[in-house]
Amino acid sequence: MSSSPLLQMNALRVGLPLDGAVRTVVHGADISIPEGAGVALVGESGSGKSLTARSVLGLLPRSARIQGDLLFAGESIPAMKPERLRRFRASDVAMVFQDPRAHMNPARTIGDFLLEGLTTARGVPVAEAITKVTGILREVGIADAERRMRQRPQELSGGLLQRVMIAAALAAEPRLLLADEPTTALDVTTQEEVMAVIAEAREARGLAMLFITHDLELAAAVCDRVVVMYAGMTVEELPADRLRSGAAHPYTRALLASRPAVDDADAELRSIAGRPLSGFEAPDGCAFADRCPRVQDLCRSDRPQPGSTGDGTVACHFPHSFSPEEAGSHA
Ligand SMILES: Nc1ncnc2c1ncn2[C@@H]1O[C@H](COP(=O)(O)OP(=O)(O)OP(=O)(O)O)[C@@H](O)[C@H]1O
Ligand SMILES: [Mg+2]
């Protein structure tokens with residue numbers, strides 16, 4: 001734990017210009033990813049997950065205002081000069097998106113898509129690039145790689161296309177993979193296969209990952225640590241294996257409770273009462289106050305700041321606490 005993490009985000013704020021004003025959509029994101037580790041970022045729609053990931057890639061609009069620390073292996077991403085940012089995107093970090101089709105040109109072949117980054121951004125000779133890409137396609141479960149490379153995106157299923165996206169990401173030999181809801185658009189069986197492909201590729205390469213999802217249980221299953229985001233702020237961070245037993249933020253607990261038990265076929269699909277807020281709508285106090293069963297006056301006036309829980313952090317004035325016995329057993 002002595003060397004600096006691969007990715008370090010401290011009190012990150014992101015403001016986007018809108019109608020002549022600046023809309024703060026992320027205000028207080030704290031995420032740390034050690035080399036090789038998997039960290040999940042979970043939260044409802046509009047909470048700022050994708051913007052947080054895009055800020056890591058330096059993919060925000062030019063006019064975006066970024067404050068706080070955003071460091072890759074100790075180097076500030078917002079301070080990168082254009083040439084360094086280009087190399088950073090081509091070889092240090094890669095992103096897999098929810099909808100691969102939206103990120104591929106329908107007029108070009110899968111082969112063009114896969115080879116482009118290697119041959120243009122990295123200067124790898126074409127023959128070498130083809131060998132490399134074919135090998136990676138096999139690794140992600142595409143056996144007839146040569147035939148697939150001649151096809152166009154519309155000839156492939158969503159699951160196959162997502163494997164192609166993953167192959168493209170891996171071809172860059174990044175140290176950090178950003179996966180923004182990579183399986184949300186797929187059916188359940190395909191989701192599981194794609195998650196397995198990602199897990200195997202990470203294992204083989206010691207690849208770190210920021211995994212964005214709505215699904216807390218999936219997050220905990222594939223990552224080492226879980227970060228929960230609400231209205232543009234990270235409100236809890238904890239080890240994945242402590243999610244069920246150690247979640248201290250009422251929002252994290254509400255998210256867990258809103259997921260029907262797998263073994264209970266009659267379970268009513270409960271959702272958290274009230275509407276999720278986006279960062280720019282967050283009030284002065286705690287953004288979760290209006291939906292929180294534990295709310296008190298203090299929550300409406302003072303925004304809680306992150307504090308240590310021992311093995312994680314929570315930003316809440318009245319977090320769930322655990323008996324010394326429970327806490328002790330996990331110390
Ligand atoms: N270019 C933009 N300009 C202004 N506001 C934006 C822009 N992009 C996103 N937003 C707003 O920022 C907030 C966070 O968006 P973001 O896409 O990061 O949410 P998310 O957590 O990824 O949601 P989802 O789960 O639906 O993907 C939203 O309220 C969104 O409307
Ligand atoms: Mg998103």
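Please read these numbers as outputs of a predicted model, since none were measured by experiment. When a ligand or atom number is given, it counts from 1 through the structure's own listing order.
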Where is the nearest protein heavy atom to [atom]: which residue, which atom, and how far?
atom                    : value
atom 11 (C) of ligand 1 : Val25 CG1, 3.9 Å
atom 28 (C) of ligand 1 : Ser278 OG, 3.7 Å
atom 18 (O) of ligand 1 : Leu51 N, 2.9 Å
atom 14 (C) of ligand 1 : Gly46 O, 3.4 Å
atom 24 (P) of ligand 1 : Ser45 OG, 3.6 Å
atom 25 (O) of ligand 1 : Lys49 NZ, 2.8 Å
atom 5 (N) of ligand 1  : Arg23 NH1, 3.5 Å
atom 1 (N) of ligand 1  : Leu16 CD1, 3.9 Å

Next on the checklist: Could you tell me, atom by atom, which parts of ligand 1 come under 4.0 Å of a heavy atom of Ser50?
Outcome noted: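 So the answer, numbered in order with elements, is 17 (O), 18 (O), 20 (P), 22 (O), 27 (O).
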>> I'd like to check which ligand 1 atoms, numbered from 1 as shown, lie under 4.0 Å from a non-hydrogen atom of Phe280.
In response: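 Numbered from 1, ligand 1 contributes 29 (O).
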- Task: Find the distance between CD1 (Ile31) and CG (Leu210) and round it off to the nearest 0.5 Å.
- Result: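 Here the rounded value is 5.5 Å.
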**Asked** Between Ser32 and Met9, is a side chain to side chain contact (heavy atoms under 4.5 Å, CB included) present by the stated rule, with each step listed?
**Response** CA-CA 6 Å; Ser32 175; Met9 208 180 262; over 6 Å; no
N, O or S of Ser50 under 2.8 Å from the Mg ion (ligand 2):
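Yes, within the cut-off.
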| query | Can Glu181 be said to touch ligand 1, with heavy atoms closer than 4.0 Å? | reply |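 For ligand 1, residue contact (heavy atoms, under 4.0 Å) with Glu181 is present.
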Measuring from the heavy atoms of Gly48, does anything fall under 4.0 Å of ligand 1?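 Checking ligand 1 against Gly48, which is what was asked, there is a heavy-atom contact under 4.0 Å.
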Hey, which of Lys49, Arg275, Arg291 is the one that makes salt bridge (Lys or Arg N to Asp or Glu O under 4.0 Å) with Glu44?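 The passing option is Arg291.
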For Ile33 and Ala208, work out which heavy atoms get closest and say how close.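 Nearest heavy atoms, Ile33 then Ala208: CG2-CB, 4.0 Å.
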Taking the cut-offs as 6.0 angstrom to the six-membered ring centre and 45 degrees off its axis, would you call Arg294 and Phe318 a cation-pi pair?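 Checked: cation-pi criterion not met.
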4.5 Å side-chain heavy-atom contact, Leu170 and Leu207:
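Contact flag for Leu170/Leu207 side chains = yes.
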**Report entry** Within-4.5 Å side-chain heavy-atom neighbours: Met165 and Arg101
**Finding:**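 Side chain of Met165 against side chain of Arg101, heavy atoms only: no contact under 4.5 Å found.
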Which is it for His214 and ligand 1 at heavy atoms under 4.0 Å: side chain, backbone, both or neither?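 Answer for His214: side chain.
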Evaluate Glu83 against Arg86 for salt bridge (charged side-chain N to carboxylate O under 4.0 Å, His left out), listing each step before the verdict.
CA-CA 5 Å; Glu83 169 54 22; Arg86 202 183 59 75; 3.4 Å; yes
Q | Gln296 versus His317, side-chain donor and acceptor atoms under 3.5 Å | A |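 No, no side-chain donor-acceptor contact under 3.5 Å.
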**Prompt:** Going by distance alone, is a donor N or O of one side chain under 3.5 Å from an acceptor N or O of the other, for Gln98 and Thr184?
**Reply:**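 No - no donor-acceptor pair under 3.5 Å links their side chains.
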| query | Can you find an N or O of Ser47 that's nearer than 3.5 Å to an N or O of ligand 1? | reply |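 It does: an N or O of Ser47 is found under 3.5 Å from an N or O of ligand 1.
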